[in-house]
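In what follows, chains carry the letters A, B, and so on, assigned in the order in which the sequence lines appear, proteins first and then strands, with residues in each chain numbered from 1. Bear in mind the structure is a predicted one, so any value in this text is a computation, not a measurement.
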Amino acid sequence: MATVVTRFAPSPTGFLHIGGARTALFNWLYARHMGGRFLLRIEDTDRARSTPEAIDAILKGLRWLGLHWDEEPVYQFARRERHAEVAQKLLGEGKAYYCYATPEELEEMRAKARAEGRPMGYDGRWRDRDPSEAPPGAKPVVRFRSPDEGETIIDDQVQGKVRFANKQLDDMVLLRADGTPTYMLSVVVDDHDMGITHVIRGDDHLTNAARQTQLFEALGWKPPIFAHIPLIHGPDGKKLSKRHGALGVEAYEKMGYLPEALRNYLIRLGWGYGDHEILPIEEAIRLFDLDGIGKGAARFDFAKLSAFNGHYIRNSTDQHLVDSVCPFIEQKIGRAVRNDERHRLATVMHALKLRAKTLLDLADGAAFLFLERPIELTDKAAKLLDGEARALLGRVLKELEAISEWSVEALEAKVKAFAEAEGLKLGTVAQPLRAALTGTTVSPGIFDVLAVLGREESLARISDQIET
RNA sequence: GACCCCUUCGUCUAGUGGCCUAGGACAUCGCCCUUUCACGGCGAAAACACGGGUUCGAGUCCCGUAGGGGUCGCCA
């Protein structure tokens with residue numbers, strides 16, 4: 001059995017969007033599962049729209065997701081000579097021909113075909129005409145002489161057997177008038193030359209698979225095995241647009257999603273293995289297979305992505321989270337996080353991470369550590385600190401000042417004893433403390449907060465509220 | 001318009017003719033835990049698009065209808 005070789009072949013006209021990321025992921029997973037190779041090919045033959053920035057964004061996106069490719073990426077444009085050579089070969093064998101039809105003529109053909117209810121496309125008018133009849137000075141394109149009878153069958157690993165009547169498929173352009181190869185030619189030649197065995201891509205390419213199969217056959221090459229995966233839709237079932245999630249993966253990074261969570265979410269979107277939801281990458285590699293891919297389009301759901309993200313955050317080590325969240329905190333506070341602050345962050349991370357779905361949430365949760373006195377109160381916190389609560393804080397302050405060992409255990413014992421002595425529920429004491437210490441009504445356990453803030457800062461924040 | 005694909009809870013899915021009184025996850029709602037919010041635990045509501053067949057028996061097979069999507073470039 002030959003080694004599996006898959007590829008991801010983005011065109012660098014924009015960032016790596018979520019659909020592309022999933023396609024890349026499936027190709028990567030399949031190659032890893034089969035012990036094969038995963039190659040990267042940049043389809044940059046559209047010179048007008050391809051940009052180095054886009055290439056950069058795509059490579060960065062793949063790396064962030066941990067989808068490392070084997071070998072050097074192939075740049076399609078660099079292989080144009082080879083593509084042209086193949087077109088010449090076809091020309092020589094009569095399997096392709098020069099076509100001098102003008103854009104206006106083509107437009108006319110489409111209009112006519114539509115009116116007559118026929119498949120739209122080129123009518124083959126130069127298929128059998130002698131080039132000597134060419135209009136003087138006109139630059140021709142090279143078209144593929146595609147079979148006009150019979151059918152082309154794709155044995156798709158996801159969609160099953162899909163049949164196309166050959167007469168539905170018109171003669172596609174192989175070489176443009178300027179001599180550069182088109183996508184249709186380039187993919188076939190490159191997939192062949194790169195030894196690609198499995199083509200896993202969006203099902204918007206399903207019809208292309210038929211045309212490409214014809215080309216493979218004309219060239220005497222064996223077509224790869226195809227697997228056309230359904231597209232991802234927006235939450236409304238419509239095509240994914242920017243407002244729903246057709247964003248570059250770097251946008252997800254900025255929103256505070258972990259690459260492992262996005263990966264897991266993407267795996268589950270359109271692929272299933274029984275009831276498995278949480279699939280760490282090694283597990284995914286072990287279980288991934290083409291026949292687990294669903295046929296229906298899936299809708300993108302941020303809520304579920306966030307749920308996965310929360311899971312991965314809770315299961316990350318505290319240190320890893322400190323490292324990951326610091327850039328978000330620095331963004332918020334507008335300065336670098338100091339070393340002592342990192343240490344303090346690490347001591348409450350175990351509590352913070354239970355409360356976060358994203359790194360952005362985590363940064364919000366950690367915000368109280370970075371406040372400058374006197375701290376500002378949210379409306380809810382301010383409302384909670386009425387006269388009675390402030391008076392209570394005064395009495396608690398005395399207790400806390402008397403404490404000798406500023407530890408979670410000692411603080412807890414002290415405050416609990418105080419509440420009991422006052423005949424109060426712990427919450428009645430804890431909430432005003434939380435408001436005074438964090439400026440909010442939501443935070444990790446109050447003893448964790450006291451402990452991480454330290455004696456001096458805690459006492460100061462509390463007395464700030466008593467004095468006002 | 002032509003061709004192609006798709007259709008199980010709101011969403012992602014399990015289900016490959018009897019195990020389905022249709023399972024899980026997210027979201028929603030309720031309860032428990034509890035110093036807030038989370039986390040965690042328990043529970044509820046919630047789906048086989050529709051119509052015909054085939055079969056002793058259909059979510060599972062076939063046909064049709066409806067709805068959704070994709071493709072029809074000298075873009076990829």
Side-chain angles (χ1 to χ4, degrees), chain A residues 9-13 43-46 48-50 76 99 101 103 106 110 113-122 139-143 154 156 158-160 162-165 168-170 172-178 180-184 186-187 202-208 210-211 228 230-231 233 235 237-239 265 268-278 291 294-301 303-308 310 314 351-357 361 365 380 384 412 415-416 419 425-431 433-435 438 440-447 449:
Chain A
S11 62
T13 54
E43 307 216 321
D44 55 352
T45 51
D46 184 342
R49 293 195 301 153
S50 297
Q76 199 159 55
C99 167
L106 258 14
R110 278 192 276 272
R114 192 192 180 95
E116 291 171 9
R118 285 185 295 107
M120 289 187 263
Y122 176 67
K139 284 253 190 192
V141 298
V142 172
R143 280 186 191 269
I154 308 299
D156 194 275
V158 175
Q159 310 290 346
V162 184
R163 326 166 80 94
F164 292 90
Q168 292 290 334
L169 274 11
D170 68 351
M172 59 195 162
V173 173
L174 262 23
L175 247 34
R176 301 186 184 97
D178 65 4
T180 59
T182 61
Y183 159 78
M184 219 49 93
S186 304
V187 229
D203 71 8
D204 51 335
H205 282 285
L206 192 55
T207 349
N208 290 340
R211 312 183 101 101
H228 288 91
L231 268 14
H233 286 171
K238 295 274 191 292
K239 199 173 159 173
Y265 177 68
R268 286 291 296 132
L269 201 57
W271 178 84
Y273 186 87
D275 286 343
H276 288 54
E277 291 284 346
I278 298 298
D291 51 45
K295 292 175 132 193
R299 301 184 189 202
F300 193 87
D301 180 15
K304 187 139 184 177
L305 205 211
S306 292
F308 276 120
R314 289 191 296 276
L352 289 173
K353 69 182 180 185
L354 296 179
R355 297 168 168 78
K357 293 251 189 288
D361 292 345
K380 274 188 186 167
L384 195 123
E412 181 164 358
V415 175
K416 279 189 169 162
K425 286 200 291 187
L426 184 52
T428 314
V429 184
Q431 273 309 82
L433 270 177
R434 186 169 347 258
T438 70
T440 72
T441 54
V442 174
S443 81
I446 200 62
F447 308 115
V449 171

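Between the P atom of G70(B) and the CZ atom of R211(A) lies a distance of 18 Å, rounded to the nearest Å. Spacing between atom CZ of R299(A) and atom P of C6(B) amounts to 18 Å, rounded to whole angstrom units. Protein atom CZ of F300(A) is 15 Å distant from nucleotide atom P of A27(B), rounded to whole Å. Nucleotide G15(B) holds its C1' atom 10 Å from the CG atom of D275(A), rounded to whole Å. Counting to the nearest Å, the C1' atom of G23(B) and the CD atom of E277(A) are 12 Å from each other. Whole-Å rounding puts the R268(A) CZ to C26(B) C1' distance at 10 Å. A straight line from CG of D170(A) to C1' of U71(B) spans 12 Å, rounded to a whole angstrom. Straight-line distance from the CG atom of L206(A) to the P atom of C72(B): 12 Å, rounded to whole Å.
Distances from the side chain of H205(A) to the nucleotides C12(B), A76(B), C74(B) place A76(B) closest. With distances taken from any side-chain atom of R110(A) to the nucleotides A27(B), A76(B), C74(B), the minimum falls on C74(B). When the nucleotides C26(B), C4(B), A76(B) are ranked by their closest atom to the side chain of A307(A), C26(B) comes out on top. Closest to the side chain of L269(A), out of C12(B), C26(B), A76(B), is C12(B).
At the heavy-atom level, R163(A) lies under 4.0 Å from the strands shown only through sugar-phosphate atoms. Contact annotation for G160(A): no contact, since no heavy-atom pair falls under 4.0 Å across all strands. Among the atoms of the strands shown, only primed sugar atoms or phosphate atoms (P, OP1, OP2) are found under 4.0 Å from some heavy atom of E43(A). Counting non-hydrogen atoms under 4.0 angstrom, T45(A) reaches the backbone sugars and phosphates but no base. Contact annotation for A101(A): base contact, defined as any heavy-atom pair under 4.0 Å involving a base atom. Residue-level contact check: V141(A) touches the bases, meaning some heavy atom is under 4.0 Å from a base atom.
Taking D44(A) as the reference, R47(A) meet the salt bridge (charged side-chain N to carboxylate O under 4.0 Å, His left out) condition, with sequence neighbours excluded. In this structure T440(A) satisfies the side-chain hydrogen bond (donor to acceptor under 3.5 Å, both in side chains) test together with T438(A), sequence neighbours excluded. By the side-chain hydrogen bond (donor to acceptor under 3.5 Å, both in side chains) test, D291(A) pairs with no residue at all, sequence neighbours left out. With sequence neighbours left out, the ring pair (Phe, Tyr, Trp, His ring centres under 6.0 Å) criterion links Y273(A) to H276(A). Every residue meeting the salt bridge (charged side-chain N to carboxylate O under 4.0 Å, His left out) condition with E277(A), not counting sequence neighbours, appears here in chain and number order: R268(A), K304(A). Shown here are the salt bridge (charged side-chain N to carboxylate O under 4.0 Å, His left out) partners of R355(A), two or more places apart in sequence or in another chain: there are none. The salt bridge (charged side-chain N to carboxylate O under 4.0 Å, His left out) test applied to R314(A) returns no partner, not counting sequence neighbours. Contacts of E412(A) classified as side-chain hydrogen bond (donor to acceptor under 3.5 Å, both in side chains), with partners at least two apart in sequence or in another chain: K416(A). Under the side-chain hydrogen bond (donor to acceptor under 3.5 Å, both in side chains) criterion, T182(A) pairs with no residue, sequence neighbours left out.
Using atom P as the reference point in both G43(B) and G52(B), the two lie 39 Å apart (nearest Å). Of the P atoms belonging to U11(B) and G69(B), the separation is 15 Å, rounded to the nearest Å. The gap from the C1' atom of U13(B) to that of A46(B) amounts to 15 Å, rounded to the nearest Å. On the P atoms, C26(B) is 9 Å away from G41(B), given to the nearest whole Å. A gap of 27 Å separates the P atoms of C48(B) and C56(B), to the nearest Å. Straight-line distance between the P atoms of G40(B) and A22(B): roughly 28 Å, to the nearest whole Å. The gap from the C1' atom of G24(B) to that of U36(B) amounts to 32 Å, rounded to the nearest Å. Nucleotides C62(B) and G1(B), compared at atom P, are 26 Å apart to the nearest Å.
The partner of C29(B), taking Watson-Crick or G-U wobble pairs whose two distances both stay under 3.5 Å, is G43(B). When both distances must be under 3.5 Å, the Watson-Crick or G-U wobble mate of C3(B) is G70(B). Here G64(B) sits opposite C50(B) as a Watson-Crick or G-U wobble pair (both hydrogen-bonding atom distances under 3.5 Å).
Between F300(A) and Y265(A), the ring-plane angle classifies as perpendicular under the 30° and 60° cut-offs.
One N or O donor and one acceptor, one from the side chain of N208(A) and one from the base of A76(B), sit under 3.5 Å apart. For A27(B), its base never sits under 3.5 Å from the side chain of K304(A) at any donor and acceptor pair.
Remark: Q431(A) CD to L426(A) CG distance equals 10.0 Å, nearest 0.5 Å. One finds the CD atom of Q76(A) at 11.0 Å from the CG atom of D46(A) (value rounded to the nearest 0.5 Å).
The main-chain N or O of D170(A) is found under 3.5 Å from a side-chain atom of R211(A) such that the two form a donor-acceptor pair.
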Please tabulate, one pair per line, each protein N/O and nucleotide N/O from nucleotides 29-38 of chain B that are separated by under 3.5 Å, including the distance.
residue: U35(B); atom: O2'; partner: R434(A); partner atom: NH2; Å: 3.3
residue: U35(B); atom: O2; partner: R434(A); partner atom: NH2; Å: 2.7
residue: U35(B); atom: N3; partner: I446(A); partner atom: N; Å: 3.3
residue: U36(B); atom: O4'; partner: Q431(A); partner atom: OE1; Å: 3.1
residue: U36(B); atom: O2'; partner: T441(A); partner atom: O; Å: 3.0
residue: U36(B); atom: N1; partner: R434(A); partner atom: NH2; Å: 3.2
residue: U36(B); atom: O2; partner: T441(A); partner atom: O; Å: 3.4
residue: U36(B); atom: O2; partner: S443(A); partner atom: N; Å: 2.9
residue: U36(B); atom: O2; partner: S443(A); partner atom: O; Å: 3.3
residue: U36(B); atom: N3; partner: R434(A); partner atom: NH1; Å: 3.1
residue: U36(B); atom: N3; partner: S443(A); partner atom: O; Å: 2.5
residue: U36(B); atom: O4; partner: R355(A); partner atom: NH2; Å: 3.2
residue: U36(B); atom: O4; partner: S443(A); partner atom: O; Å: 3.4
residue: U36(B); atom: O4; partner: G445(A); partner atom: N; Å: 3.2
residue: C37(B); atom: O2; partner: R355(A); partner atom: NE; Å: 2.5
residue: C37(B); atom: N3; partner: R355(A); partner atom: NE; Å: 3.1
residue: C37(B); atom: N3; partner: R355(A); partner atom: NH2; Å: 2.8
residue: C37(B); atom: N4; partner: R355(A); partner atom: NH2; Å: 3.4
residue: A38(B); atom: O2'; partner: L354(A); partner atom: O; Å: 2.3

With the criterion being N/O to N/O and under 3.5 Å, what pairs connect the protein with nucleotides 42-51 of chain B, and how long is each?
none

Please produce a list of atom pairs where a protein N or O lies less than 3.5 Å from an N or O of nucleotides 62-69 of chain B.
none

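With RNA chain B read from its 5' end, the first of the two nearest nucleotides for G296(A) and Y265(A) is the one closest to G296(A).
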